[in-house]
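Notes for the one structure printed next.
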Protein chains: 2
Amino acid sequence: MDNDCLTCPVRDESLFGALPEEAVRRLNNPAENLVIPAGEVLYRENAEASASYTLKDGVIKLTRTAMNGREQILRLLTRGDVMGLECMLGQRYNHTATTLTPVQVCRLPLTALKRLQTDNPALNHALLTRWAAALQQVEMLAVELGTKKASERLATFLLFWNERTGGHDDMPLPLSRTETGELLGLTVETVSRFFADWKRRGHLSEKAGVVYLHDRSALRELSGGDTSGLLS
Amino acid sequence: MDNDCLTCPVRDESLFGALPEEAVRRLNNPAENLVIPAGEVLYRENAEASASYTLKDGVIKLTRTAMNGREQILRLLTRGDVMGLECMLGQRYNHTATTLTPVQVCRLPLTALKRLQTDNPALNHALLTRWAAALQQVEMLAVELGTKKASERLATFLLFWNERTGGHDDMPLPLSRTETGELLGLTVETVSRFFADWKRRGHLSEKAGVVYLHDRSALRELSGGDTSGLLS
DNA sequence: CGAGGATTTGATGTTTGTCAATGATAGTGG
DNA sequence: CCACTATCATTGACAAACATCAAATCCTCG
């Protein structure tokens, strides 16, 4: 298994991007490379947190289960994202991490992470940045959930995900209708109805898990008027 | 103005709680003590972030405005909480901070904070902890917003706020109906209706901004189950 | 090809938002 | 101290949005 941190394709985007080459060399490749099929649980909410993970390829959802049994997707992770950092605080995992596609991840044990941190204070800033980014994302989700209606949330999400995946007209959407609902606080049926409606209107089409955006401006309208670029 | 960090009543709960006395002494009291009436804006979303603040007394709301103009309260801060830490990352303020009661806050300029951080690596862990706690809180909010209905959210919030303010039968609730709605993703009317209903049923009563919980178990039922872990 | 799961669609009910009016409360100035 | 005013809270009638329940259809994969 190739787990050479120096040649890692996501090194720049990863936590180690902040470290000098020499420091990375001294890591002695503590990370373990994992390849995992879609639909697997990487770790589970409330389980003992003994490692963090860096996503090298694929998509992962972080979810939490409410007391009424309903699930909420809190974040979607893509290449370069880090998860499970809460292990550093001696916490249990705060979410369940589930693969939505086949995935390649690096498992970095807590012990290695701690050693790295003490040896290399520069890492602290990178960690803060990660935490801040996660907070930022969840805050955006909360604003969506608290202030917008179904169609606006869905349209916003499609545009968001489109940007996130490179901004091409066609984008892979590895979420089922149910999961999209679990992210946006909606039922399967509601999600399905808007998809169907927008397909009929020609705003988008879909084939084998790939969504084609034909009319971004229509979606931008539906998303609740982010006219910022045009007006101000 | 008394701004002696050593004798600060919230020192243990503050960022400096982690620092040894000697280090606090060397701080040379860089913080500025402020007393502010209710309804004032401490800092505004997107403004240049030049300082963080520690709340010594009172209640503050952190809000963000959606593109459609609606406001979302993202966090409620009480004694010991820190806000504006995003200044450390060179970001603009991520929220608008508004006082809900008269408050006492300590303003810690970014320059002092940075110096403190380099001089005292122990602070880094405290910072991470703060960020993690904020993330935890917003995630709980997102789960509430995404998975529960109006009455459940409101009941959960009342129990949460009760614990947060000491768990006594009577608690000050410095939020208007509108603001409660802005926190829970509801309209004024919906909030008001449930309050009225629960008063009629004898679950609670209210007088001059103080809520008396008469039947916690009824609220716990209404909240849709568990309330543990709401405090972080 | 067939089975099982996911998606779509329709019919219906509940929840919540919207609009409008009224009642309560607190601060202000005479 | 008392009206006066502005703001907040309550209530009702109604409409819109969304959930729920129940089929039917589509897809995927063995």
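Remember, predicted model here, so these are calculated numbers, not experimental data.
Bending across the helix from C:dC1-D:dG30 to C:dG30-D:dC1, expressed as the angle between its end axes from five pairs apiece, amounts to 40° (10° rounding).
The two atoms that bring B:Leu219 and B:Ala155 nearest to each other are O-CB, 3.5 Å, heavy atoms only. A:Leu85 and A:Arg130 make their closest contact through CD1-CB, 4.0 Å (heavy atoms, listed as atom of the first residue, atom of the second, distance). The two residues B:Pro174 and B:Thr101 come nearest to each other via the heavy atoms CB-CG2, 3.5 Å. Between B:Leu55 and B:Val105, the shortest heavy-atom contact is CD1-CG1, 3.6 Å. The nearest pair of heavy atoms linking A:Ala49 to A:Leu110 is O-CD2, 4.2 Å.
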If you restrict it to nitrogen or oxygen atoms, what contacts under 3.5 Å exist between nucleotides 12-17 of chain D and the protein, and what is each distance?
from, atom 1, to, atom 2, distance (Å)
D:dG12, N7, B:Arg193, NH1, 3.0
D:dG12, O6, B:Arg193, NH2, 3.2
D:dA13, N6, B:Arg193, NH2, 3.4

Report, one pair per line, the protein and nucleotides 24-30 of chain D atoms (nitrogen or oxygen only) whose separation is under 3.5 Å.
none

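Contacts between residues 169-185 of chain B and DNA chain C, defined by a heavy-atom separation below 4.0 Å, involve B:Gly185, listed by number.
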Test side chain to side chain donor-acceptor pair (under 3.5 Å) applied to A:Arg70 and A:Thr65, step by step: CA-CA 6 Å; A:Arg70 292 180 59 178; A:Thr65 306; over 6 Å; no
Side chain to side chain donor-acceptor pair (under 3.5 Å) assessment of B:Asn162 paired with B:Arg216: CA-CA 10 Å; B:Asn162 184 248; B:Arg216 277 189 175 74; 2.6 Å; yes
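For DNA chain C, the contact window with chain A, defined by any atom under 4.0 Å from a protein heavy atom, covers C:dT7 to C:dA11 in 5' to 3' order.
Rounded to whole Å, atom P of D:dC8 lies 16 Å from atom CZ of B:Phe195. Atom CG in A:Asp197 sits about 13 Å away from atom P in D:dC18, given to the nearest Å.
With hydrogens and angles disregarded, a donor-acceptor distance shorter than 3.5 Å links the side chain of A:Glu86 to the backbone of A:Asn94. With hydrogens and angles disregarded, no donor-acceptor distance shorter than 3.5 Å links the side chain of B:Thr63 to the backbone of B:Gln72.
A salt bridge links A:Asp197 to A:Arg201: at least one charged side-chain nitrogen sits closer than 4.0 Å to a carboxylate oxygen. Ion pairing between a basic and an acidic side chain is recognised when a charged N comes within 4.0 Å of a carboxylate O; B:Arg177 and B:Glu206 show such pairing. With salt bridges taken as basic N to acidic carboxylate O contacts below 4.0 Å, one links A:Asp81 and A:Arg164.
Relative to the six-membered ring of A:Tyr93, A:Arg44 misses at least one condition, a distance below 6.0 Å or an angle of at most 45° to the axis.
The side chain to side chain donor-acceptor pair (under 3.5 Å) check on A:Arg64 picks up B:Glu139, with sequence neighbours excluded.
Ring-plane geometry between B:Phe194 and B:Trp198 is classed as tilted, the angle between the planes lying from 30 to 60 degrees on a 0 to 90 degree scale.
Of the two residues near DNA chain D, B:Val188 and A:Arg153, the one whose nearest nucleotide lies more 5' is B:Val188.
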